[in-house]
Q: 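Take a look at this one; I'll ask things after.
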There are 2 protein chains.
Amino acid sequence: MKLTIKDIARIANVSPTTVSRVMNGKTEYVTQETQERVLKVIEETNYQPNQIARSLVTRETRTIGLVLPDIRNPFFTELSRGIEDYANQLGYFVILCNTDHKSEKEIQYISLLKDKYIDGLIVVSSLENPISHIKKITTENTPIVLIDHKANDEEINCVYFNNYQGGYLATKHLIDLGHKNIGCITGPLHVQSAVERFNGYKDALRDNNISFKDEFIFQGNYRYEDGIESAKYYKSIGVTSIFASNDLMALGANQKLAELGVKIPEDISIVGLDNITPIGISDSFLTTINQPFYEMGKTACSLLLDQLKGLIQTNKNIQFDATLVLGKSTAHPKK
Amino acid sequence: MKLTIKDIARIANVSPTTVSRVMNGKTEYVTQETQERVLKVIEETNYQPNQIARSLVTRETRTIGLVLPDIRNPFFTELSRGIEDYANQLGYFVILCNTDHKSEKEIQYISLLKDKYIDGLIVVSSLENPISHIKKITTENTPIVLIDHKANDEEINCVYFNNYQGGYLATKHLIDLGHKNIGCITGPLHVQSAVERFNGYKDALRDNNISFKDEFIFQGNYRYEDGIESAKYYKSIGVTSIFASNDLMALGANQKLAELGVKIPEDISIVGLDNITPIGISDSFLTTINQPFYEMGKTACSLLLDQLKGLIQTNKNIQFDATLVLGKSTAHPKK
DNA sequence: TATCTTATTGAAACCGATTTCAGAAACCGA
DNA sequence: TCGGTTTCTGAAATCGGTTTCAATAAGATA
């Protein structure tokens, strides 16, 4: 039979009130002696208070919800570890919810989480207009952090990556190596991140007096297959280098170009963006732009918990920088 | 201000008891008319009952705990999706806990989860003797499923992969292709799964009258680097094929052998084991043995929830079969 | 018509903690 | 010695549901 606070009170010959006080460290008005007596009983009986009963009155569950498209995506896996590690350190649990990019699933999950009285919510949203939707279904005072989204003003907490800078740096690297004919495999251009990466590419060209050429652009969809598909095209038009808007497409292009007899990086240099290193594989072949997923998760979680504890009041927008990671897939163009 | 069951009762002009009955479908003794009245009020006020208060009396949280070494490991990522999908379908939440293979972290997590009154627990344990440890810290009647572990009798629920069969099939495939000099990169031999895979290798040789040679064995640690390291050795002793006890080592060996000028599969065939396909990359190069992680997770979760609902009483041990996945890394040996 | 079921509803207890508030004891200054 | 603080403790209310049990009304039976 599970012990309750009343049992402990009876055994220690005090009231439940006192037991509660001792457990919660509100001992300023409890004598050293009774305190020790209670602690001894707790120790001996190995008593653990019922967290649900606690939650009912304290209104905190020490649990946060994490809603994201698919944990199998390496970005989100890494992100989730950043979040979980930080949360665990401060005694919080994380409930994981995969939405598979489906709006209904996302809304349903968030709504269910609300009923569960989680203390906070971290969301990588797939909704058209996440802020208004999410605010509609959550309680006024639940802290929320949106990842991979940028808000105006201080509407909501946001943590996101500087995609523009990523595209810019990748392209600049190729330019610095001496490339002038630089292809660009874009992401789906109805998605904000893809547009920004593309803008980074364009601006890097402009800033270095290289004219933008439409035929150098191949529109992809962030999939490996898009990279594969682009290969034949790029081989035929003869670029000396390619900036792929994500690593998956970069790897696809690399794979197919190699099969077509194109030497990487001698004939064509390739830069990716994301830095998704397959687990355990240390030697990185691909030159790419690092996106600090783990750090972003950690920051999102710390933002959330700070707000939870009232340490900060206003919402923040935090942007993460892109950095170049040198691999073996880029080199000077051949003369 | 959040509505409570009393508010609804007042508005609908009934007692909280009746509201509760209607919400829980215990309507056999509620007239159609009052039922509709209550439902209408719930609908109009958008009332959502407080799940914590419910849990306090029903003793169920509709939440299960998932404890595993590291979600970044593709096995566990896939496993977690199998679990989460199934749990979500039945209205359960999943709390994710990474132990980083540390015993203290695992024990601490399980103990904390117990206090939280989760309904069930799924564990991929890193403990020496998981069953006795886990049973010590959990309540008598919490359903538990162990993954990647095999129990005697019906001590506890287990879901695991037939590692022996995996090693056997991989080796048999090479033998069927005509190979006789078959190297084997083992896993860490203090780990059960590694021993079983190795035994599968040995028995496949024996059953086909190929003598076991000690010099064909390279002991690894399931890491990419171990594969890299083994390459020089295998090139020097001249095997025609290699069975690597996991995909990571297979990929490492492949990488390094290719660098050393060895043609795969013409000069040396390689078989892995695990079938960890990098996300989004469809064309599989490596011939390997599939381990059905997603299915295993799903089954573990269904086992847990069935037990939770009292649908099954006895504990079960469920074994999953290995299957061969043909890639481009194996071929007949050269004459 | 009197009695016995059966259908319908609600008052009150309960789950197991925290928190408010009041009372008792000890201490203190005049 | 006496009123006023301060220290220590516990009774009871509370959080928001579910469940038990009793009460009432309606219908059935004899």
Side-chain angles (χ1 to χ4, degrees), chain A residues 1-39 41-42 45-63 91 112 114-119 139 141, chain B residues 1-39 41-42 45-63 91 112 114-119 139 141:
Chain A
M1 191 51 212
K2 195 91 169 56
L3 290 171
T4 72
I5 199 172
K6 283 182 195 156
D7 298 317
I8 304 302
R10 193 166 25 73
I11 298 172
N13 204 23
V14 294
S15 73
T17 312
T18 302
V19 177
S20 171
R21 278 201 267 258
V22 172
M23 285 192 304
N24 294 297
K26 297 182 178 168
T27 54
E28 64 174 328
Y29 288 134
V30 181
T31 46
Q32 188 73 20
E33 192 229 321
T34 42
Q35 205 182 131
E36 280 165 9
R37 186 147 39 97
V38 171
L39 285 174
V41 174
I42 290 178
T45 56
N46 195 24
Y47 165 70
Q48 308 273 131
N50 183 324
Q51 296 300 330
I52 295 177
R54 287 196 79 233
S55 293
L56 186 57
V57 30
T58 61
R59 261 111 218 299
E60 62 165 34
T61 53
R62 299 191 80 77
T63 304
L112 286 171
K114 185 193 71 175
D115 300 343
K116 230 178 143 51
Y117 283 75
I118 48 155
D119 294 345
T139 329
N141 40 11
Chain B
M1 190 52 210
K2 195 91 167 56
L3 290 172
T4 72
I5 198 171
K6 283 182 195 154
D7 299 318
I8 304 303
R10 192 167 26 74
I11 298 171
N13 205 23
V14 293
S15 71
T17 313
T18 302
V19 177
S20 171
R21 279 200 268 259
V22 171
M23 286 193 304
N24 294 296
K26 296 183 179 168
T27 53
E28 64 174 329
Y29 288 135
V30 181
T31 48
Q32 189 71 21
E33 192 230 322
T34 42
Q35 206 181 132
E36 280 166 8
R37 184 147 39 97
V38 172
L39 286 175
V41 175
I42 290 179
T45 57
N46 196 26
Y47 165 70
Q48 309 274 130
N50 182 326
Q51 296 300 328
I52 295 177
R54 287 196 79 232
S55 293
L56 186 57
V57 30
T58 60
R59 261 110 220 299
E60 61 164 36
T61 53
R62 300 190 80 79
T63 303
L112 285 172
K114 185 192 72 176
D115 299 343
K116 229 177 144 50
Y117 285 74
I118 48 155
D119 294 345
T139 328
N141 39 13

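What you see is a predicted model, and the numbers here were worked out from it, not measured in a lab. In what follows, chains carry the letters A, B, and so on, assigned in the order in which the sequence lines appear, proteins first and then strands, with residues in each chain numbered from 1.
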Q: Can you check whether K6(A) has a side-chain N or O nearer than 4.0 Å to OP1 or OP2 of dC15(C)?
A: no
Q: How long is the span from the CZ atom in R62(A) to the CG atom in D115(B), to the nearest 0.5 Å?
A: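 With rounding to 0.5 Å, CZ (R62(A)) is 12.5 Å from CG (D115(B)).
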Q: Under 4.0 Å between a side-chain N/O of T31(B) and OP1 or OP2 of dT8(C), yes or no?
A: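 It does not, given that no N or O in the side chain of T31(B) lies less than 4.0 Å from OP1 or OP2 of dT8(C).
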Q: What distance do D119(B) atom CG and S55(B) atom OG have between them, rounded to the nearest 0.5 Å?
A: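 One gets 7.5 Å once the value is rounded to the nearest 0.5 Å.
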Q: With the threshold set at under 4.0 Å for non-hydrogen atoms, list the residues of residues 53-62 of chain B touching DNA chain C in residue-number order.
A: L56(B), V57(B), R59(B)
Q: Mind checking V14(A) for me? I need base, sugar-phosphate or nothing, with any heavy atom below 4.0 Å counting as a touch.
A: sugar-phosphate
Q: In whole angstrom, give the distance that lies between atom CD of Q35(B) and atom P of dG10(C).
A: 14 Å
Q: Are side-chain heavy atoms of N50(A) and Y117(B) found at a separation under 4.5 Å?
A: yes
Q: Answer whether the closest heavy-atom distance between the side chains of M23(B) and I8(B) falls below 4.5 Å.
A: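 With C-beta onward as the side chain, the pair stays apart.
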Q: Please state how far atom CD in Q51(B) lies from atom P in dG16(D), giving the value in whole angstrom units.
A: 14 Å
Q: Measure from CD1 on I8(B) to C1' on dG17(D) and round the result to the nearest Å.
A: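 So the two atoms are 13 Å apart, to the nearest Å.
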Q: Hey, could you give me the CD/CD distance between Q51(B) and E60(B), rounded to the nearest 0.5 Å?
A: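 So the CD of Q51(B) and the CD of E60(B) are separated by 9.5 Å.
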Q: Categorize T17(A) for me: base, sugar-phosphate, or nothing, with a 4.0 angstrom heavy-atom threshold over every strand shown.
A: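 Contact class for T17(A): base.
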Q: To the nearest 0.5 angstrom, please state how far the CD1 atom of I11(A) sits from the CG atom of L3(A).
A: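 Between atom CD1 of I11(A) and atom CG of L3(A) there are 6.0 Å.
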Q: For residues 14-22 of chain A, run the donor-acceptor check on the side chains, cut-off 3.5 Å, and write out each pair with its distance to 0.1 Å, sequence neighbours left out.
A:
from   : atom 1 : to     : atom 2 : distance (Å)
S15(A) : OG     : T17(A) : N      : 3.3
S15(A) : OG     : T18(A) : N      : 3.3
S15(A) : OG     : T18(A) : OG1    : 3.3
S20(A) : OG     : N24(A) : ND2    : 3.4

Q: Determine whether I52(B) and L56(B) make a side-chain contact, defined as any pair of heavy atoms from C-beta on separated by less than 4.5 Å.
A: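 Answer no - side chains too far apart.
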Q: Starting at the 5' end of DNA chain D and moving along, which residue's nearest nucleotide shows up first, Y29(A) or P16(A)?
A: Y29(A)
Q: Determine the contact category for S20(A): base if any of its heavy atoms lies under 4.0 Å from a base atom, sugar-phosphate if only primed atoms, P, OP1 or OP2 are that close, otherwise nothing.
A: base
Q: Touch check for Y47(A), heavy atoms < 4.0 angstrom, all strands: base, sugar-phosphate only, or nothing?
A: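 Since only primed, P, OP1 and OP2 atoms lie under 4.0 Å of Y47(A), the category is sugar-phosphate.
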Q: Atom CD1 of I52(B) to atom C1' of dT18(D): distance rounded to whole Å?
A: 16 Å
Q: Answer yes or no: is there a side-chain heavy-atom contact under 4.5 Å between D7(A) and Y47(A)?
A: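 A side-chain contact under 4.5 Å is absent here.
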Q: State, with a plain yes or no, whether a side-chain heavy atom of E36(A) is found less than 4.5 Å away from one of T31(A).
A: no
Q: Check this one for me: any side-chain N or O of T18(B) less than 4.0 Å away from OP1 or OP2 of dT8(C)?
A: no
Q: Roughly how many Å is it from CZ in R21(B) to P in dT9(C), rounded to a whole number?
A: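 In whole Å, dT9(C) P lies 8 Å from R21(B) CZ.
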Q: In dot-bracket form, 5' to 3', how is DNA chain C paired? Count Watson-Crick and G-U wobble pairs only if both distances fall under 3.5 Å, and write | where the partner sits on another strand.
A: ||||||||||||||||||||||||||||||
Q: Reckon S15(A) has a side-chain N or O less than 4.0 Å from the OP1 or OP2 of dG10(D)?
A: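 Yes.
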Q: Within the structure, does a side-chain N or O atom of N50(B) lie under 4.0 Å from either OP1 or OP2 of dC15(D)?
A: no
Q: Could you tell me the separation between the CZ atom of R37(B) and the C1' atom of dT9(C), rounded to a whole number of Å?
A: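 For the pair R37(B) CZ and dT9(C) C1', the rounded distance is 11 Å.
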Q: Grab the CD-P distance between E36(A) and dC8(D) for me, whole Å please.
A: 14 Å
Q: How many whole angstroms separate atom CG of N13(A) from atom C1' of dC8(D)?
A: 15 Å
Q: K2(B) side chain N/O closer than 4.0 Å to the phosphate oxygens (OP1, OP2) of dC15(D)?
A: no
